[in-house]
Amino acid sequence: MASKKRLVSGIKPTGDLHLGNYFGAMRQFLDYQEEYESHLFIADYHALTTAYEPEKLRESIYRVAAGYIAIGIDPKKVTLYKQSDISEHSELAWVFNCITTMPFLMRAHAFKDAEAKNKEISVGTFDYPMLMAADILIYGADVVPVGKDQQQHIEIARDTAEKFNSRYGQTFKLPEALIREEVATVPGVDGQKMSKSYKNTIPLFGSKDEVANAVMGIVTDSDGEFPEYVYEIHKLFRGEDELKPLYGENKSNYKALKEALIADAEKVLSPMREKYNALLSDKAELEKTLVAGSEKVKELASEKMMDVRKKVGVSLN
Ligand code: AMP
């Protein structure tokens with residue numbers, strides 16, 4: 001039997017998971033768990049670029065772990081682990097730093113956005129794409145399912161693999177981004193990309209009231225008949241063949257449409273919420289799952305780093 005192709009992706013433990021994470025990336029993890037050999041990690045070292053409260057970070061790590069399992073990821077089929085448990089990711093990122101130029105990384109959107117907003121940028125934020133390249137390349141990923149905001153980072157990972165391979169000989173596979181066009185950028189309640197940093201999210205595991213409050217806050221045009229942003233989010237939960245007549249019959253009746261969205265969302269979200277809350281009540285079990293996952297991938301990562309150390313010349317034999 002041909003061996004399965006490998007899938008690698010991760011989620012940052014910063015704040016609560018939202019519908020953008022779920023429809024843009026996590027649904028793909030779920031749909032592909034049989035087809036690919038999947039490695040899903042919690043990107044805790046990436047989170048350090050914005051998370052400065054240790055207790056909150058620890059809590060968010062458990063929440064992402066619970067979130068993966070609550071949506072239906074089976075830890076027996078998929079390897080779940082914490083990025084910081086595999087120190088080879090950061091070690092490889094250092095090697096990549098040394099073959100990458102500053103102007104190349106200055107082209108990254110995340111850096112340019114932060115600069116445009118006059119934010120104080122940490123070296124970690126600037127260097128984020130190198131750690132992400134290491135996260136992916138160290139396992140020889142074939143595919144990386146992500147939302148569109150991560151597309152450029154996958155291109156940077158590919159470029160970095162090519163640069164390393166041409167300097168030191170074939171070592172890294174070039175990964176492909178898997179982006180679902182219809183959910184490439186899930187909009188938030190204000191119509192911009194849903195993002196924790198824009199404070200426009202609808203929580204994936206929030207209580208029914210929290211979800212309802214967020215939906216009631218979706219921005220609508222007071223003059224128009226068609227609430228575009230409500231529709232865009234509703235589409236995630238119900239087919240357009242059913243939505244079009246519903247929206248046609250309720251022109252300008254935003255309240256009824258938002259209530260219909262809340263009811264449709266609740267059908268999908270409530271079973272996952274229940275599972276999520278149950279999983280979070282046994283943190284020792286979540287920790288066990290992550291430790292078992294890191295033990296599985298550690299060997300792969302350390303083999304690759306041995307090869308890299310030999311190729312660059314720091315290994316003496
Ligand atoms: P992050 O929370 O930045 O670690 O993102 C985890 C995953 O969710 C990444 O693959 C992102 O591309 C994806 N994602 C985050 N927000 C959105 C969004 N609004 N639409 C589509 N995908 C998203």
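Atom set for the values below is all heavy atoms of this structure, side chains included, hydrogens, waters and symmetry mates excluded.
- Rounding to the nearest 0.5 angstrom, the gap separating the OG atom in Ser9 from the CD atom in Gln28 is 8.0 Å.
- A donor-acceptor contact shorter than 3.5 Å links the side chain of Gln33 to the backbone of Asp74.
- Between the side chain of Asn21 and the main chain of His18, a donor-acceptor pair closer than 3.5 Å is present.
- Note on ring orientation: taking the six-membered ring where Trp is involved, the planes of Phe41 and Tyr81 are tilted (angle from 30° to 60°).
- The two atoms that bring Ile136 and Ala157 nearest to each other are CD1-CB, 4.5 Å, heavy atoms only.
- Asp307 and Lys310 are not joined by a salt bridge, as no carboxylate oxygen comes within less than 4.0 angstrom of a charged side-chain nitrogen.
- Taking the six-membered ring for Trp and the full ring otherwise, the centers of Tyr254 and Tyr229 sit at least 6.0 Å from each other.
- Comment: Glu91 engages Arg309 in a salt bridge, judged by a side-chain N to carboxylate O separation of less than 4.0 angstrom.
- Side-chain contact between Tyr36 and Val143 is present, with at least one heavy-atom pair separated by less than 4.5 Å.
- In Glu181, the CD atom is not crowded: 12 or fewer heavy atoms of neighbouring residues, nucleotides or ligands sit closer than 6.0 Å.
- Under the 4.5 Å side-chain heavy-atom criterion for grouping Ile, Leu, Val, Met, Phe, Trp and Tyr, Ile11 is not connected to Ile138 through any hydrophobic cluster.
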What do the steps show when you test Glu240 against Tyr231 for side chain to side chain contact (heavy atoms under 4.5 Å, CB included), and what is the final call? CA-CA 9 Å; Glu240 290 199 76; Tyr231 186 84; 2.7 Å; yes
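- At distances below 3.5 Å, at least one donor-acceptor pair connects side-chain atoms of Gln83 with backbone N or O atoms of His46.
- Each of Glu37, His89, His39 was scored for a side chain to side chain donor-acceptor pair (under 3.5 Å) with Tyr139, with one residue passing: His89.
- Counting heavy atoms of neighbouring residues, nucleotides and ligands inside a 6.0 Å radius, atom CD of Glu182 exceeds 12 of them.
- A salt bridge between Lys298 and Glu295 is absent, with no side-chain N of the basic residue lying under 4.0 Å from a carboxylate O of the acidic one.
- Distance check, rounded to the nearest 0.5 Å: OG of Ser294 to CG of Leu80 gives 11.0 Å.
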Can you check side chain to side chain contact (heavy atoms under 4.5 Å, CB included) on Arg6 and Lys173, steps first, answer last? CA-CA 11 Å; Arg6 190 168 291 159; Lys173 203 181 253 184; over 6 Å; no
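- Taken to the nearest 0.5 Å, the CG atom of Leu243 stands 9.0 Å off from the CG atom of Leu257.
- Relative orientation of the Phe164 and Tyr168 rings is tilted, given thresholds of 30° and 60° on the angle between their planes.
- Comment: Lys5 does not engage Glu35 in a salt bridge, judged by the lack of any side-chain N to carboxylate O separation of less than 4.0 angstrom.
- Remark: side-chain polar atoms of Lys311 are not paired, donor with acceptor, to backbone N or O of Thr171 under 3.5 angstrom.
- Heavy-atom minimum distance, Glu225 versus Pro227: O-CD, 3.7 Å.
- The number of heavy-atom neighbours closer than 6.0 Å to OH of Tyr45, taken from other residues, nucleotides and ligands shown, is 12 or below.
- Using modelled atom types, no side-chain atom of Asn200 and backbone atom of Val189 make a donor-acceptor pair closer than 3.5 Å.
- Both Ile179 and Met132 are assigned to one and the same hydrophobic cluster, defined by single-linkage of ILVMFWY side chains at heavy-atom distances under 4.5 Å.
- Cluster membership for Leu19 and Val219, using ILVMFWY side-chain heavy atoms within less than 4.5 angstrom, is shared.
- Between the side chains of Lys82 and Ser84, a donor-acceptor pair is found at a separation under 3.5 Å.
- Note that OH of Tyr32 and CG of Leu7 are 8.5 Å apart. Values are rounded to the nearest 0.5 Å.
- By the 6.0 Å contact criterion, CD on Glu274 is open, its count of non-hydrogen atoms from other residues, nucleotides or ligands being 12 or less.
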Enumerate, atom names and distances included, each donor-acceptor pair closer than 3.5 Å involving a side-chain atom of residues 96-121, sequence neighbours excluded.
| unit_1 | atom_1 | unit_2 | atom_2 | d |
| --- | --- | --- | --- | --- |
| Asn97 | ND2 | Asp127 | OD2 | 3.2 |
| Thr100 | OG1 | Phe96 | O | 2.7 |
| Thr101 | OG1 | Phe104 | N | 3.3 |

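- Residues Ile71 and Leu269 share a hydrophobic cluster, clusters being chains of Ile/Leu/Val/Met/Phe/Trp/Tyr side chains in contact below 4.5 Å.
- More than 12 heavy atoms of other residues, nucleotides or ligands lie within 6.0 Å of NZ in Lys296, so this atom counts as buried by the packing criterion.
- A single hydrophobic cluster is seen to contain both Val308 and Val8, as judged by linkage of ILVMFWY side chains at heavy-atom distances under 4.5 Å, directly or through other members.
- No donor-acceptor pair under 3.5 Å is formed between the side chain of Glu59 and the backbone N or O of Ile61.
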Apply side chain to side chain contact (heavy atoms under 4.5 Å, CB included) to Leu204 and Met26, showing your working. CA-CA 11 Å; Leu204 178 59; Met26 297 172 83; 4.2 Å; yes
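- Salt bridge status for Arg158 with Glu155: absent, with no side-chain N to carboxylate O gap under 4.0 Å.
- With respect to the salt-bridge test (charged N to carboxylate O, under 4.0 angstrom), the residues Glu287 and Lys283 do not qualify.
- Atom-to-atom distance recorded for Leu17:CG and Arg63:CZ is 9.5 Å, nearest 0.5 angstrom.
- Scanning all heavy atoms of the two residues, the minimum distance from Pro145 to Ala25 falls at O-CB, 4.5 Å.
- When atom types are taken as modelled, the side chain of Asp142 and the backbone of Glu176 share no donor-acceptor pair closer than 3.5 angstrom.
- No donor-acceptor pair under 3.5 Å is formed between the side chain of Arg180 and the backbone N or O of Gly24.
- A donor-acceptor pair is defined here as one N or O able to donate and one able to accept, closer than 3.5 Å; no such pair exists between the side chain of Gln192 and the backbone of Tyr198.
- Once rounded to the nearest 0.5 Å, the distance linking CG of Asp190 with CD1 of Ile218 reads 10.5 Å.
- In this structure, the side chain of Lys258 engages the main chain of Met216 through a donor-acceptor pair within 3.5 Å.
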List the steps, then state whether side chain to side chain contact (heavy atoms under 4.5 Å, CB included) holds for Met272 with Tyr22. CA-CA 11 Å; Met272 295 198 289; Tyr22 179 63; 3.8 Å; yes
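- Figure legend: cation-pi geometry between Arg238 and Tyr247 absent, as NZ or CZ is not positioned both under 6.0 Å from the six-membered ring centre and within 45° of its axis.
- The heavy-atom pair separating Gly206 from Glu210 by the smallest distance is CA-OE1, 3.2 Å.
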